[in-house]
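Reviewing the structure listed below.
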Amino acid sequence: MTSDPTRELIPPAYRTKVVEPIARTTIAQRERLLHDAGHNVFHVPASSVAVDLLTDSGTGAMSAAQWGSMFTADESYAGAASFDRFRGTVSEITGFAHVLPTHQGRAAEKLLMRALVQTGDVVPGNGHFDTTRAHIEALGASALDLPCAANARSSTAAPFKGNINVNALADVLSSDARVPLVLITITSNRAGGQPVSLDNLHETAALCREANVPLFLDAARFAENAALAQRSDVELNDSSPAHIARAYFDLAAGCTMSAKKDGHGNIGGFLALRDAALAKAITPSLILDEGFITYGGLAGRDLDAIAIGLREALEPDYLRERLHQVDALWQMLHALNIPLVAPAGGHAVFIDAGRWLAHIPWNEYPGQSLVAALYRTGGVRACELGSLMFGLLPDGTERRAEHEFVRLAIPRRVYGHEHMCYVAETFARVAEMRQSLRGFRVTSMNEPLRHFMAKLAPL
Ligand SMILES: Cc1ncc(COP(=O)(O)O)c(C=O)c1O
């Protein structure tokens with residue numbers, strides 16, 4: 001191995017203190033498990049998965065400091081010291097004075113939307129997450145995605161594909177539409193974990209100020225957004241991730257947060273607000289739906305673990321390694337000529353299964369075919385984001401999804417380079433049999449959110 005002697009040596013960010021064995025299964029066993037699961041990997045037992053890339057949500061490894069804090073946590077119903085530490089950390093990172101704990105991100109979304117949104121309203125954003133959209137629509141309002149133009153060119157790399165289309169937003173804000181808030185998701189999960197630039201958020205904030213509409217952030221991956229922004233924006237070179245993240249929060253009236261991502265929590269979330277009156281108005285719903293204002297559906301030990309996890313998520317060495325790992329997997333798959341969403345996102349690699357398995361028509365779910373092949377071949381669990389997930393209409397008919405993607409979401413601090421190499425090796429085997437892969441049909445539970453519950457049969 002050759003090494004540049006002028007470059008500072010950077011050691012890996014972690015060593016392992018606790019190990020969890022991965023059970024070995026044979027192809028024959030995985031075929032049986034797939035069959036029993038109706039070819040839907042949501043129903044495969046996790047104990048039979050070798051590398052689990054289904055989601056990065058709540059699946060991360062906690063640090064020794066987080067585990068340690070759980071022993072000294074305060075489980076008092078009201079006024080727990082754990083809540084003080086949680087609130088202190090959230091306020092310090094975000095600058096928002098009012099912190100409402102929730103059991104996970106979607107509960108924070110529900111509280112915010114119910115407080116601000118009415119029937120007939122329009123809520124624009126760069127790309128709403130599914131649960132956000134569902135909460136807005138449940139109130140009889142529309143969730144309007146306005147992704148930037150670069151977002152449509154999935155295989156062409158651009159630094160800030162999570163940006164909102166500010167011209168389209170300006171049009172909406174100057175129209176007759178009633179807009180109670182604008183919500184920007186950092187990073188944009190819909191766009192494969194692509195970041196939003198600080199310039200784009202400045203422009204969005206200016207438009208919101210002019211229209212007197214509050215701007216909120218979905219901050220689930222705020223630290224990854226800061227790290228990706230730093231990588232692409234030379235003006236941020238000398239800033240810390242914490243400083244950059246704060247610049248984003250300073251432009252907003254508040255944020256919803258799933259602490260299961262950049263909070264390094266296995267559960268948890270919060271709604272953080274600048275406005276005392278809004279926080280006061282939401283408090284009764286918080287108590288009714290989640291719990292008292294100092295725990296909100298969480299144990300004291302979760303509050304402490306998240307307080308520490310939020311700080312750890314902003315550590316430069318951790319973020320460097322995190323982005324490097326996602327990028328390394330992206331590069332290995334790219335070297336196999338697999339069509340990918342470019343560039344690598346902050347938390348996931350997206351494969352364009354519609355292009356890679358072009359012989360399988362959209363209504364036979366090429367993404368699901370790839371997901372099943374990855375599990376069968378190597379016990380790698382991935383997630384379809386295509387016509388199986390998005391194609392079913394309320395009247396029972398199907399439409400073609402915008403893309404036939406498969407997502408490899410990488411849990412935080414769980415896997416090392418050898419796991420990524422194993423995933424790439426699994427893809428290399430699948431590549432050899434690519435032309436022989438077949439599509440699927442749905443045999444039962446063809447209902448809303450069917451990707452979770454549907455049973456399928458190979459064609
Ligand atoms: C961007 C984004 N917002 C909100 C949520 C919902 O968070 P939770 O799963 O904690 O309810 C998710 C979950 O994946 C997400 O990715």
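None of these values were measured; they are calculated from a predicted model. Start at 1 and go down the list; that is how both ligands and their atoms are numbered.
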Quiz item: Restricting to pairs with a member in residues 104-114, which pass side-chain hydrogen bond (donor to acceptor under 3.5 Å, both in side chains), not counting sequence neighbours?
Solution: E109-T131, E109-T132, R114-D289
Show the short N or O contacts, below 3.5 Å, that ligand 1 makes with protein N or O atoms; if there are none, say 'none'.
| residue | atom | partner | partner atom | Å |
| --- | --- | --- | --- | --- |
| ligand 1 | 3 (N) | D218 | OD1 | 3.4 |
| ligand 1 | 3 (N) | D218 | OD2 | 2.6 |
| ligand 1 | 7 (O) | S258 | OG | 3.4 |
| ligand 1 | 7 (O) | K261 | NZ | 3.3 |
| ligand 1 | 9 (O) | Q104 | NE2 | 3.2 |
| ligand 1 | 9 (O) | R106 | NH2 | 3.0 |
| ligand 1 | 9 (O) | K261 | NZ | 3.4 |
| ligand 1 | 10 (O) | G105 | N | 2.9 |
| ligand 1 | 10 (O) | S258 | OG | 2.7 |
| ligand 1 | 11 (O) | Q104 | NE2 | 2.9 |
| ligand 1 | 11 (O) | G105 | N | 3.3 |
| ligand 1 | 11 (O) | R106 | N | 2.9 |
| ligand 1 | 11 (O) | R106 | NE | 2.6 |
| ligand 1 | 14 (O) | K261 | NZ | 2.8 |
| ligand 1 | 16 (O) | N189 | ND2 | 2.8 |
| ligand 1 | 16 (O) | R221 | NH1 | 2.9 |
| ligand 1 | 16 (O) | R221 | NH2 | 3.4 |

Practice problem: With D56 as reference, evaluate R221, R407, K261 under the side-chain hydrogen bond (donor to acceptor under 3.5 Å, both in side chains) test and give the passing residue. | Solution: R221
Quiz item: Is the H264 ring parallel, tilted or perpendicular to the Y318 ring (thresholds 30°, 60°)?
Solution: perpendicular
Self-check item: Aromatic ring pairing F270/F86, orientation class (parallel under 30°, perpendicular over 60°, tilted between)
Solution: perpendicular
Residues 203-219, side-chain donor-acceptor partners within the protein, below 3.5 Å, at least two apart:
| residue | atom | partner | partner atom | Å |
| --- | --- | --- | --- | --- |
| T204 | OG1 | N200 | O | 2.7 |
| D218 | OD1 | A220 | N | 3.2 |

Practice problem: For residues 224-233, pull every pair meeting salt bridge (Lys or Arg N to Asp or Glu O under 4.0 Å), keeping only residues two or more places apart or in separate chains. | Solution: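 Output for this query lists E224-R322, E224-R412.
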